[in-house]
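Some notes on the structure that comes next.
We name chains A, B, ... by the order of the sequence lines, and we start the count at 1 in each one.
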Protein chains: 2
Amino acid sequence: MDARPPSSDSSPWLPFESRRRARDEKRDAVLRTAVQLFLEQGYHRATLNEVAERLNITKPALYNYFRSKEEILFECWAVGQERVDGFIAGINARGGTGLVKLRQLVHAYAENMATDHGASLVRFDQRDLSEKNRKIVRAGKKSIDRTFRKYIADGIADGSIKPCDPKMTAFAIAGSLNWIGHWFQPDGAMSATAIADEFTDRLTEGLAARPLKKTASAVAKKKPSREGIR
Amino acid sequence: MDARPPSSDSSPWLPFESRRRARDEKRDAVLRTAVQLFLEQGYHRATLNEVAERLNITKPALYNYFRSKEEILFECWAVGQERVDGFIAGINARGGTGLVKLRQLVHAYAENMATDHGASLVRFDQRDLSEKNRKIVRAGKKSIDRTFRKYIADGIADGSIKPCDPKMTAFAIAGSLNWIGHWFQPDGAMSATAIADEFTDRLTEGLAARPLKKTASAVAKKKPSREGIR
DNA sequence: ACTTTATCTTTCCGACGGGTAATATACGTC
DNA sequence: GACGTATATTACCCGTCGGAAAGATAAAGT
């Protein structure tokens with residue numbers, strides 16, 4: 001419609017210039033733009049026309065990479081889920097007490113929640129998906145929930161965590177973390193890492209069987225870093 | 001379309017029977033049905049036709065009580081907000097230490113979150129509202145957030161709560177509570193009151209400056225009741 | 001009984017947006 | 001240089017749903 005200046009964000013389709021690029025790169029660009037727009041406006045208000053417009057292409061061109069709007073939504077979610085699955089695998093691989101694993105999970109999950117694809121895990125509505133994809137999403141959520149509960153149960157078993165109801169505790173912790181996806185703003189006062197540090201301490205301090213050696217972020221606020229959570 | 005049996009839930013419009021009732025009663029019935037349907041299917045997927053159908057009337061009849069779908073959405077939200085404003089006023093009137101007030105707020109807020117109108121506070125999307133109504137909603141959310149922060153700050157000032165960042169602490173607590181609106185099922189294993197009891201202890205135990213006299217729900221799980229939170 | 005008023009129904013419209021069909025353009029390959 | 005394939009565009013279809021217009025019905029007042 002209107003003559004827009006080339007969009008400022010990076011799009012592989014610079015208007016009428018070298019067009020040919022790797023297919024996957026373009027697919028990813030669609031997902032990045034879509035997740036951003038879906039979060040910004042909500043899935044239903046966001047139109048494929050606008051997704052396309054931001055990429056300097058037209059709506060039907062999107063159908064070279066996706067079969068439907070719903071598939072785009074699902075793939076946005078899948079990226080976030082894969083990341084979570086990834087760092088959970090890492091935590092499992094490194095091992096440790098239940099408390100240590102829980103703290104790592106909280107930290108990584110909080111940081112993820114501050115990204116677009118992470119927030120999409122909680123801000124998108126399952127009911128917008130096909131039955132098939134909805135099943136996959138439910139399985140993913142269930143898996144994350146099981147992991148939280150397992151680390152808590154592990155911690156109770158190995159004595160690092162005070163006895164409590166793993167289910168309710170997991171709900172309480174996951175609730176706090178998921179909520180980050182609703183209020184976090186990249187340009188806000190606190191960085192994602194700072195928030196993750198803060199939440200890691202706050203959400204687990206009440207659980208530790210014995211007072212834990214204070215982490216960097218809790219006492220000497222000198223260098224908030226991922227190392228602080230070990 | 002299809003000949004449905006008279007809906008099982010209570011509707012003031014029983015098909016073709018005594019029609020005249022108080023206007024407000026009908027308006028409320030619309031809101032009850034609408035909030036239920038909106039939560040069930042999501043605002044965009046829910047149609048006014050279906051709202052009307054559940055009430056044994058037709059879509060245009062709704063326009064006797066509301067000017068638009070958006071107005072219905074807003075009013076659903078307003079009911080939940082008024083309840084929160086109500087019990088906050090009660091807590092303020094009764095007074096007490098910051099910790100005591102915070103615990104009452106957590107308990108009441110958790111219980112409210114387990115109701116339809118309560119859940120609508122967090123499950124509806126502001127962006128579906130007109131600019132005017134969105135402003136009102138934002139003010140309401142802001143007010144609740146301020147209350148959480150104030151009680152925490154009060155508690156720090158009067159020594160009942162350990163020093164902490166009121167903003168982050170409020171976010172963490174409110175996140176846990178708001179999340180209830182996403183997972184609570186009336187027919188689930190725990191009652192709303194039981195959940196409220198549980199969350200009241202779990203979310204504030206880490207904050208108390210000195211170990212608080214254990215409440216009924218925390219140790220002797222004999223009678224979970226509202227009195228336990230004083 | 002006749003009118004008035006509120007309420008409800010039948011019928012329809014118009015906008016919006018996802019998705020498709022037909023077509024054009026450019027690149028790699030022979 | 002011609003051809004095939006991938007990728008893009010223009011133009012269009014069509015279902016859905018919020019909302020309006022206009023007509024019907026019943027209770028209430030005179």
message = As a test of reading the structure: which of D/dT7, C/dC8, C/dG19 is closest to the side chain of B/Asn64, going by heavy atoms?
response =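 Of the candidates, C/dC8 comes closest.
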
inquiry  = Can you identify which nucleotide, out of D/dG19, C/dG19, C/dT10, has its nearest atom closest to the B/Tyr63 side chain?
reply    =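 The closest nucleotide is D/dG19.
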
Donor/acceptor link under 3.5 angstrom from A/Lys69 side chain onto base of C/dG19 = no

key: Check: A/Lys59 side chain, C/dG17 base, donor-acceptor under 3.5 Å   =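 Per atom types, no contact qualifies.
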
Taking 4.0 Å as the cut-off, does a side-chain nitrogen or oxygen of [X] come that near to OP1 or OP2 on [N]?
{"X": "A/Thr58", "N": "D/dT9", "answer": "yes"}
{"X": "B/Tyr65", "N": "C/dC8", "answer": "yes"}
{"X": "B/Arg23", "N": "C/dT7", "answer": "yes"}
{"X": "B/Lys26", "N": "C/dC8", "answer": "yes"}

Parallel, tilted or perpendicular: rings of B/His182 and A/His182 (30°, 60°) =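 It falls in the tilted class, 30° to 60°.
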
task = Please state whether the rings of B/Phe171 and A/Trp183 are parallel, tilted or perpendicular, taking 30° and 60° as the class boundaries.
result = parallel

Quick check: closest heavy atoms across [X] and [Y], and the distance to 0.1 Å?
{"X": "B/Trp77", "Y": "B/Ser120", "result": "CA-OG, 3.9 Å"}
{"X": "A/Ser130", "Y": "A/Glu70", "result": "N-OE2, 3.1 Å"}
{"X": "B/Thr33", "Y": "B/Arg54", "result": "CG2-CB, 3.7 Å"}

query = Is the closest basic N to carboxylate O distance between A/Arg134 and A/Asp128 below 4.0 Å?
reply =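 Looking at A/Asp128 together with A/Arg134, the answer is no, because their closest N to O distance does not fall below 4.0 Å.
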
message = If you take any heavy atom closer than 4.0 Å to DNA chain C, which residues from residues 70-80 of chain A end up in contact?
response = none

request  = Answer with base, sugar-phosphate or nothing: what part of the nucleic acid does A/Thr47 contact at a heavy-atom distance below 4.0 Å?
outcome  =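 Result for A/Thr47 = sugar-phosphate.
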
request  = For A/Ala46, report the nucleic acid contact type (base, sugar-phosphate, nothing); a contact means any heavy atom under 4.0 Å.
outcome  =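 Sugar-phosphate only.
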
query = Any donor-acceptor pair under 3.5 Å linking the side chain of B/Arg123 with the backbone of B/Asp116?
reply =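 The answer is no, because no donor-acceptor pair under 3.5 Å joins these two groups.
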
task = Could you tell me whether the side chain of A/Thr115 and the main chain of A/Gly118 form a donor-acceptor pair under 3.5 Å?
result =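 Side chain of A/Thr115 to backbone of A/Gly118: a pair is present.
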
key: Residues from residues 124-136 of chain B lying under 4.0 Å of DNA chain D - heavy atoms   =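 By residue number: none to list.
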
ask   = A/Pro60 or B/Asn49: which one's nearest nucleotide on DNA chain D is closer to the 5' end?
value =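 It is A/Pro60, whose closest nucleotide lies nearer the 5' terminus.
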
key: Geometric cation-pi criterion B/Lys69 and B/Tyr43, 6.0 Å radius, 45° cone   =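 Geometry flag: set, cation within 6.0 Å and 45°.
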
